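All values reported here derive from a predicted model rather than from experimental measurement.
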Amino acid sequence: MKLLIIGGSGFLGGELTRRAPAAGYETAATYSTRPPDTAGDVVRHSLDVRDPAQVTEVLAKVAPSVIVNASSGNADWEITAEGAVRVARAAAERGCRLVHVSSDAVFSTVISGLCGLVAVQGFAAV
C-alpha cells in the first residue's frame, strides 16, 4: 500500500512519516515550508494546499492508495478548511481512501468550534 502524508513535517504528520516506512508502507510526505525530518526511504514533495493544481499534481506523481491529511494552517481558513476540501475532492476523484485528522480537542471552545465548522465544511463539500 502506498501512503501519502499531507503535512508530513508537522507534529502528527512527522510522527506518521517516521513510523509508516518501519511498518512496511511505501511512504511519501508533503511539506509547505520545510521538508519532513525523515530517513531516505520517504519521498518528499512540496505542497501548498491552497493551489488546486499542486494538489492534483502531487497526487498524480505519488498515486497513493491512502492519503492522510495532517496539514494545519491554524487560523488560516484557506489552508485549514479550503485546503482540506481540495485534498478530499482530489482523493475522491482518484479513488483514494482519505483519513483527515485534526487536533481540535486540545484548543479552547472558540477554536474547537472553528475546527468543528471546518470539518463540517469539508464533509459537505465532498
Side-chain angles (χ1 to χ4, degrees):
M1 175 175 23
K2 190 180 281 189
L3 180 65
L4 172 61
I5 301 167
I6 297 178
S9 60
F11 179 73
L12 178 59
E15 190 62 28
L16 291 171
T17 300
R18 285 185 286 281
R19 291 179 181 242
Y25 296 104
E26 184 179 352
T27 306
T30 71
Y31 63 93
S32 177
T33 57
R34 60 181 168 78
D37 182 22
T38 59
D41 52 356
V42 175
V43 179
R44 299 162 188 85
H45 299 272
S46 176
L47 176 63
D48 183 345
V49 295
R50 295 173 293 188
D51 183 343
Q54 279 190 33
V55 173
T56 300
E57 181 182 329
V58 168
L59 266 63
K61 283 181 184 175
V62 176
S65 48
V66 176
I67 300 167
V68 177
N69 183 12
S71 65
S72 173
N74 296 318
D76 186 334
W77 187 263
E78 181 74 12
I79 295 171
T80 303
E82 294 176 12
V85 169
R86 286 182 193 94
V87 169
R89 284 186 173 147
E93 288 171 5
R94 297 191 63 82
C96 302
R97 293 188 180 265
L98 173 66
V99 178
H100 179 81
V101 294
S102 173
S103 58
D104 69 297
V106 301
F107 300 111
S108 71
T109 304
V110 173
I111 298 298
S112 291
L114 172 63
C115 291
L117 181 57
V118 168
V120 170
Q121 292 283 336
F123 293 132
V126 177

In one Ile/Leu/Val/Met/Phe/Trp/Tyr side-chain cluster, 4.5 Å: Val99, Met1
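Same cluster.
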Please check if Phe11 and Val68 belong to a single hydrophobic cluster, counting links between Ile, Leu, Val, Met, Phe, Trp and Tyr side chain heavy atoms closer than 4.5 Å.
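No, Phe11 and Val68 fall in different hydrophobic clusters.
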Where do His45 and Val43 land on the side chain to side chain contact (heavy atoms under 4.5 Å, CB included) test, with the steps shown first?
CA-CA 7 Å; His45 299 272; Val43 179; 3.4 Å; yes
Holding to side chain to side chain donor-acceptor pair (under 3.5 Å), I want the full list of residues that pass it with Arg94, two or more places apart in sequence or in another chain.
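Not a single residue meets the side chain to side chain donor-acceptor pair (under 3.5 Å) criterion with Arg94.
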Any residue meeting side chain to side chain donor-acceptor pair (under 3.5 Å) with Glu57, in chain and number order, not counting sequence neighbours
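Glu57 satisfies side chain to side chain donor-acceptor pair (under 3.5 Å) with Lys61 once adjacent residues are dropped.
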Sequence neighbours left out, what passes side-chain contact (heavy atoms from CB on, under 4.5 Å) with [X]? Give chain and number order.
X     : answer
Leu47 : Ile6, Thr30, Val49, Gln54, Val55, Val58
Ala91 : Ile67, Cys96, Leu98
Pro21 : Thr27, Asp41, Val42

To check you understand the geometry: which heavy-atom pair defines the closest contact between Ser32 and Ser46, and what is its length?
O-OG, 4.5 Å
Considering all heavy atoms of both residues, which atom of Ala29 and which atom of Gly8 are nearest to each other, and what is their separation?
CB-CA, 4.1 Å
Spatial distance of atom [atom1] ([X]) from atom [atom2] ([Y]) [nearest 0.5 Å]:
X     : Y     : atom1 : atom2 : result
Ser65 : Leu4  : OG    : CG    : 10.0 Å
Thr17 : Arg44 : OG1   : CZ    : 9.0 Å
Tyr25 : Ile5  : OH    : CD1   : 11.0 Å

Salt bridge (charged side-chain N to carboxylate O under 4.0 Å, His left out) contacts in which one or both residues fall within residues 20-32, not counting sequence neighbours:
Lys2-Glu26
Salt bridge (Lys or Arg N to Asp or Glu O under 4.0 Å) partners for Arg50, two or more places apart
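With neighbours one apart ignored, the set is Asp48.
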